[in-house]
Amino acid sequence: MAGRQEKELQNVTLLGSEQTKYKYSYDPGVLETFDNQHPYRDYMVKFNCPEFTTLCPKTGQPDFATLYISYIPEQKMVESKSLKLYLFSFRNHGDFHEDSVNTIMNDLIELMDPRYIEVWGKFTPRGGISIDPFCNYGKKGTKYEEIANYRLMNHDLYPETITNR
């Protein structure tokens, strides 16, 4: 692994494993991190997750969404395979759309302590209504808190081109 010490990646156990075990109930314990190699720089990492599935807590019917997870890392970053397995763990988990995106954001904040993070769920319509919850967080008392406030107030000002429904 060019440029990385084995010690830096010792906590990354899922990547490259041929023995992947899928959890069928919510499990934030599957999330793993690795060290940010550029903690001196602000940059955005964005995950587009077009196959997110969870269950309606009332009817048990599946809900489908594209999730957009973007963050500015501090010292730690989320490993992508562990994120995939974590998101898969929602497959049989019953939560409302708004709760799902907030839970995901809260778990990632606890895991990484990022400078800034946002999670946006673009759920497919059920009953003729789509729900697109957006939540974000910026470290308190920093410019990232100001960015979070700005993004929250301005995140959806323009009509969208709907491509995931």
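Residue W120 is not grouped with residue Y150 when hydrophobic side chains (ILVMFWY) are merged at heavy-atom distances under 4.5 angstrom, including chains of intermediate members.
A distance-only check finds a donor-acceptor pair linking the side chain of T142 to the backbone of K139 [under 3.5 Å]. Remark: side-chain polar atoms of Y71 are paired, donor with acceptor, to backbone N or O of V78 under 3.5 angstrom. Panel note: side chain S89, backbone D27; a donor-acceptor pair is recorded below 3.5 Å. Judged purely by atom type and a 3.5 angstrom limit, E110 has no side-chain atom pairing as donor or acceptor with the backbone of N106. In this structure, D99 contributes its side chain and D95 its backbone to no donor-acceptor pair below 3.5 Å.
Taking Y43 as the reference, N36, H38, R41, V45, P73, M77 meet the side chain to side chain contact (heavy atoms under 4.5 Å, CB included) condition, with sequence neighbours excluded. Y116 is linked by a ring pair (Phe, Tyr, Trp, His ring centres under 6.0 Å) to nothing, counting only residues two or more places apart in sequence or in another chain.
No side-chain donor from either of Y26 and N92 sits under 3.5 Å from a side-chain acceptor of the other. For D107 and Y86, the side-chain atoms include at least one donor-acceptor pair closer than 3.5 Å.
For the pairing with E118, the side chain to side chain donor-acceptor pair (under 3.5 Å) check across H155, R151, K46 returns one residue only, R151.
The CZ atom of F90 lies 11.5 Å from the OG1 atom of T53; values are rounded to the nearest 0.5 Å.
Counting non-hydrogen atoms of neighbouring residues, nucleotides and ligands closer than 6.0 angstrom, the CD atom of E51 reaches no more than 12 such neighbours.
Nearest heavy atoms, L108 versus P114: O-CD, 4.0 Å.
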